[in-house]
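The structure under discussion appears below in the form of structure tokens.
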Amino acid sequence: MKGQVSNELLVVVGFILLIMIPLLYIMYFRMDTIRGDLGMLQAHFSVARIAFLINAIGYMGDGSAMITEIYVPPEVTQFSIGGAQKEVVFSMSTPSGKNDLVQPVAFTVKTDPALVWGQSGKYKVELYNDQGTVWVSPQPLPSET
């Protein structure tokens with residue numbers, strides 16, 4: 001009976017390692033796919049949020065405004081808001097290929113020329129309604145003030 005606790009502990013630790021090592025090995029080789037999926041979810045959330053806020057500001061009427069932060073993941077290669085098609089578009093490059101995330105909006109959207117869409121990261125923007133046209137203009141981030 002001496003050492004029974006030690007033997008049982010070694011068996012339990014052995015079983016845990018037997019299960020955990022293959023799981024860690026699989027997760028290590030799937031990190032690119034997981035990272036791509038996470039970027040896709042972040043971009044999808046950003047596109048849906050921008051489109052929702054554009055429609056909300058547009059339906060609230062002339063003079064309504066809102067300030068929000070938008071996160072653009074590193075996988076996004078190109079993005080645009082507004083245009084002739086009245087849509088928010090994020091183009092992404094993922095391990096499975098190129099994806100376009102598109103969300104239509106009900107209002108004409110124009111962006112302030114000072115707003116430069118060129119890289120990933122956080123953008124703080126103001127959306128305001130000017131006679132039925134929703135304008136998107138840049139605002140300084142809290143770290144920049």
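Worth saying up front: this structure is predicted, and the values here are computed from it rather than measured.
Nearest heavy-atom pair across Pro73 and Gln42 is CB-OE1, 3.8 Å. Nearest heavy atoms, Val88 versus Ile54: CG2-CD1, 4.1 Å. Across all non-hydrogen atoms, the minimal contact from Gln103 to Ala51 is CG-CB, 3.1 Å. Ala43 and Met92 make their closest contact through CB-SD, 3.5 Å (heavy atoms, listed as atom of the first residue, atom of the second, distance). Nearest heavy-atom pair across Val72 and Phe79 is CG1-CE2, 3.7 Å. Minimum heavy-atom separation, Gln139 to Val125: CG-C, 4.0 Å.
Between Leu41 and His44 there is no side-chain heavy-atom pair separated by less than 4.5 Å. Under the 4.5 Å side-chain criterion, counting only non-hydrogen atoms from C-beta, Asp62 is in contact with Asp130.
Residue-environment remark: OH (Tyr71) exceeds the threshold of 12 foreign heavy atoms within 6.0 Å.
The same ILVMFWY cluster, assembled from side-chain heavy atoms under 4.5 Å apart, contains both Met66 and Val109. Phe52 and Ile50 fall within a single hydrophobic cluster, where Ile, Leu, Val, Met, Phe, Trp and Tyr are joined by side-chain heavy atoms under 4.5 Å apart, directly or via other members. Hydrophobic clustering keeps Leu127 apart from Trp135 (ILVMFWY residues linked when any side-chain heavy atoms are closer than 4.5 Å, directly or through intermediates). With hydrophobic clusters built from ILVMFWY side chains whose heavy atoms lie under 4.5 angstrom apart, Met40 does not share a cluster with Phe45. Note on Val12 and Met20: same hydrophobic cluster, where clusters join Ile, Leu, Val, Met, Phe, Trp and Tyr whose side-chain heavy atoms are under 4.5 Å apart, directly or indirectly.
For the atom pair CD of Glu87 and CG of Asp100, the computed distance is 9.5 Å after rounding to the nearest 0.5 Å. For the atom pair CD1 (Ile57) and OH (Tyr128), the distance works out to 12.0 Å, reported to the nearest 0.5 Å. Once rounded to the nearest 0.5 Å, the distance linking NZ of Lys122 with OG of Ser46 reads 11.0 Å.
Listed by chain and residue number, Tyr59, Val105, Ala106, Phe107 satisfy the side-chain contact (heavy atoms from CB on, under 4.5 Å) test with Asn55 (two or more places apart in sequence, or in another chain).
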Show your working on side chain to side chain contact (heavy atoms under 4.5 Å, CB included) between Glu75 and Ser93 and close with a plain yes or no. CA-CA 6 Å; Glu75 293 85 5; Ser93 177; 5.8 Å; no
Taking it one step at a time, do Leu10 and Phe15 satisfy side chain to side chain contact (heavy atoms under 4.5 Å, CB included)? CA-CA 9 Å; Leu10 284 174; Phe15 278 127; over 6 Å; no
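Side chain of Thr77 to main chain of Ser91: a donor-acceptor pair is present (N/O by atom type, distance under 3.5 Å, no hydrogens or angles). Checked by atom type and distance alone, the side chain of Asn129 pairs as donor or acceptor with a backbone atom of Gly58 at under 3.5 Å.
Between Lys124 and the choices Thr68, Ile70, Ile67, the side-chain contact (heavy atoms from CB on, under 4.5 Å) rule is met once, by Ile67.
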